[in-house]
A.B. asks: 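Just passing along the structure, written as structure tokens.
Model, not experiment: these values are computed from the prediction.
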Amino acid sequence: MKQAIITVVILCVVAIAGVGAFVGSGVYNIGADAHHTKPVYALMQALRQRSIAHHAKDIVVPKLDDPPLILKGAGQYAAMCTGCHLAPGMAENEMRPGLYPKPPELAKFRPDPRAAFWVIKHGIKMSAMPAWGASHDDATIWSMVAFLQKLPGMTPAQYKDMVAKAPPDEDMHSHGDADEDAHGGGTMAGMDMGEDGGHSHAASAQGDHGHATPASSAAAAPLSLAGMQPKAAPAAEAAAQAFHAALQRGDRAAVLALLAPDASISEGGRTESRDEYAGGHLGEDIAFLKTARITPVSLGSMPMGDTAMVGSESDLQATIKGKPAMLRSREMLNLRKDGDSWKIVSVRWETAPVPAE
């Protein structure tokens, strides 16, 4: 046993000396144009992937479908990322061919949000990926993650349009929780909505079935419709208007047909699945809308490749607990292309009383 231990120690000393001599000689080519051997490259790839997965596994992902958050990320991506990761319609530049490993083209796939956040914040050792967390807060990094979920499938024109709408740095206030932050602006007043205009979900005004009452809705941060433009995504807007019309005429089957199986419906801090909504609040919403007078105010959309957002505002005249009330309802729909049609994957409603003049 003693002899075996001595042998192991000698071998370790020889190995360390050999490595030291190899490093000290300088014969290893550290140049980026001298690529690793396949076994070394495979080992480094596995190390990178497992390290990211381990360190990112407990990250809590906020809501990433907030239009101002995505617009902020578009501006950040254009300013910070395109040199290495390109963008729709952007050709190879002079820098990327000399980078090793070559950065991925982020318009060609959707990264996992947790992994994307961790990599953007902490960077990757011995690569061209910097740790942006040294100069950017978490809210800004999440805005880039939100934008990366929309980037694949964007046309060059859609990308340029979104970047053009992005706020300048001095206007990029921190979003924190994207679902609760107040963004202001974006009322889209005066947009042409047509006869079938926006559904005003006002069941919250009744205050009897778990939704927020007008008082709590008025105190909550308003849903932002910033970035929505009329007829920017006509097919998605048509699906939204069909959804509104189905609710107003009480057509349960048509409402549910437009909701994707994984759809979520949110209002007043409560989120339901499609099945939960079908089993409860859908009937209550239909009953409420039968007695309400709806006046469309605005409708707009934002195309994002194979997904789109449609935002709308409406005024309601209704009778609540025997008293007349005027309400303002805001709606944000996220839609996903499904063959030749569009399905709604999330609904967010906010309703508040209109202050008396």
Side-chain angles (χ1 to χ4, degrees), residues 48-88 90 103-125 127-154 158-163 165-169 171-183 223-224 226-227 262 264 266 271 302-309 332 334-336 345-346 348:
R48 177 180 60 81
Q49 292 168 2
R50 291 303 307 141
S51 176
I52 294 170
H54 172 75
H55 288 90
K57 67 180 186 298
D58 296 326
I59 292 175
V60 177
V61 180
K63 292 194 67 159
L64 301 177
D65 58 358
D66 182 37
L69 188 71
I70 295 167
L71 281 178
K72 176 180 178 177
Q76 295 288 345
Y77 183 86
M80 297 157 53
C81 307
T82 56
C84 290
H85 298 288
L86 301 181
M90 185 177 291
E105 293 185 51
L106 295 177
K108 294 185 175 180
F109 71 100
R110 287 184 178 87
D112 173 75
R114 292 179 179 84
F117 177 84
W118 192 90
V119 170
I120 294 170
K121 181 171 182 175
H122 299 286
I124 302 292
K125 287 183 175 75
S127 77
M129 182 64 202
W132 289 111
S135 55
H136 293 71
D137 61 18
D138 285 1
T140 300
I141 293 173
W142 278 121
S143 76
M144 288 187 275
V145 176
F147 175 71
L148 290 179
Q149 304 308 302
K150 302 298 182 181
L151 181 59
M154 275 190 192
Q158 289 169 340
Y159 171 77
K160 290 179 181 178
D161 181 61
M162 185 171 290
V163 171
K165 295 174 183 174
D169 285 345
D171 292 339
M172 290 181 178
H173 57 275
S174 176
H175 287 265
D177 185 339
D179 187 45
E180 296 178 359
D181 184 38
H183 302 288
L223 177 65
S224 174
D262 57 343
S264 62
S266 302
T271 300
M302 181 189 297
M304 298 178 178
D306 58 356
T307 64
M309 295 182 178
M332 180 64 70
N334 285 272
L335 299 97
R336 180 176 60 224
V345 294
S346 70
R348 185 179 169 194

A.B. asks: Indicate yes or no: at least one non-hydrogen side-chain atom of L151 is less than 4.5 angstrom from one of M154.
C.D. replies: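 Yes, their side chains come closer than 4.5 Å.
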A.B. asks: Which atom pair, heavy atoms only, marks the closest approach of P303 to Q158?
C.D. replies: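 Shortest heavy-atom contact: CB-NE2, 3.7 Å.
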A.B. asks: Just wondering, do R336 and D262 contact through their side chains at under 4.5 Å, heavy atoms?
C.D. replies: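 Yes, at least one pair of side-chain atoms sits under 4.5 Å.
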A.B. asks: Would you say that P67 contacts M332 through its side chain, given a criterion of any heavy-atom pair below 4.5 Å between the two side chains?
C.D. replies: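 With C-beta onward as the side chain, the pair touches.
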A.B. asks: Of all the heavy-atom pairs spanning D65 and M309, show the shortest one and how long it is.
C.D. replies: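 Minimum heavy-atom contact is O-CE, 2.8 Å.
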A.B. asks: Can you confirm whether K160 is buried at NZ, in the sense that more than 12 heavy atoms of other residues, nucleotides or ligands lie under 6.0 Å from that atom?
C.D. replies: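 No, because the 6.0 Å sphere around NZ of K160 holds 12 heavy atoms or fewer from other groups.
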A.B. asks: With heavy-atom distances below 4.5 Å as the criterion, would you say the side chains of Q149 and P113 are in contact?
C.D. replies: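 Q149 reaches P113 side chain to side chain.
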A.B. asks: Nearest heavy-atom pair of A166 and L71: which atoms, and what distance?
C.D. replies: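 Where A166 meets L71 most closely, the heavy atoms are CB-O, 3.2 Å.
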A.B. asks: Report the relative orientation of the aromatic rings in F147 and Y77; use parallel for angles under 30°, tilted for 30 to 60°, perpendicular for over 60°.
C.D. replies: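 Ring orientation, 0 to 90° scale: tilted.
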A.B. asks: So do S266 and K63 actually touch side chain to side chain, heavy atoms under 4.5 Å?
C.D. replies: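 K63 reaches S266 side chain to side chain.
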A.B. asks: Does a side-chain heavy-atom distance below 4.5 Å link N334 with T307?
C.D. replies: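 N334 vs T307: side chains apart.
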A.B. asks: Considering non-hydrogen atoms only, spot the tightest contact between P152 and L148 and give its length.
C.D. replies: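 That would be CD-O, 3.2 Å.
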A.B. asks: As an exercise, state the distance from CE of M80 to CD1 of I120, rounded to the nearest 0.5 Å.
C.D. replies: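 If I round to the nearest 0.5 Å, the distance is 7.5 Å.
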A.B. asks: Using 30° and 60° as the class limits, which term best fits the ring planes of H136 and W132: parallel, tilted or perpendicular?
C.D. replies: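 Because their plane-to-plane angle is over 60°, the rings of H136 and W132 count as perpendicular.
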A.B. asks: Rounded at 0.5 Å granularity, tell me how far CG in D137 sits from OG1 in T140.
C.D. replies: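 Interatomic distance, D137 CG to T140 OG1, rounded to 0.5 Å: 4.0 Å.
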A.B. asks: What do you reckon, is NZ of K125 surrounded by more than 12 foreign heavy atoms closer than 6.0 Å?
C.D. replies: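 Incorrect, the count does not exceed 12.
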A.B. asks: What heavy-atom pair brings M162 and A74 nearest, and what distance separates the two atoms?
C.D. replies: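 Closest approach of M162 to A74: CG-CB, 3.7 Å.
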A.B. asks: State, yes or no, whether a side-chain contact exists between H85 and M129 at a heavy-atom distance under 4.5 Å.
C.D. replies: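 H85 reaches M129 side chain to side chain.
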A.B. asks: At what distance, to the nearest 0.5 angstrom, does CG of D306 lie from CG of L335?
C.D. replies: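 It comes to 11.5 Å.
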A.B. asks: Please name the pair of heavy atoms, one in S143 and one in K72, separated by the smallest distance, quoted to 0.1 Å.
C.D. replies: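 Looking at all heavy atoms of both residues, the closest pair is OG-CG, 3.7 Å.
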A.B. asks: Can you tell me how far apart OG1 (T82) and OH (Y159) are? Round to the nearest 0.5 Å.
C.D. replies: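 The distance works out to 5.5 Å.
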A.B. asks: Output yes when a side-chain donor or acceptor of H122 lies under 3.5 Å from a complementary backbone atom of W118, and no otherwise.
C.D. replies: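 Checked: no pair found.
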A.B. asks: Got a donor-acceptor contact below 3.5 angstrom from the E105 side chain to the C84 backbone?
C.D. replies: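 Looks like no, no N/O pair under 3.5 Å.
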A.B. asks: If only atom types and distance count, is the side chain of R114 paired as donor or acceptor with the main-chain N or O of I59 below 3.5 Å?
C.D. replies: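 Confirmed, R114 side chain pairs with I59 backbone.
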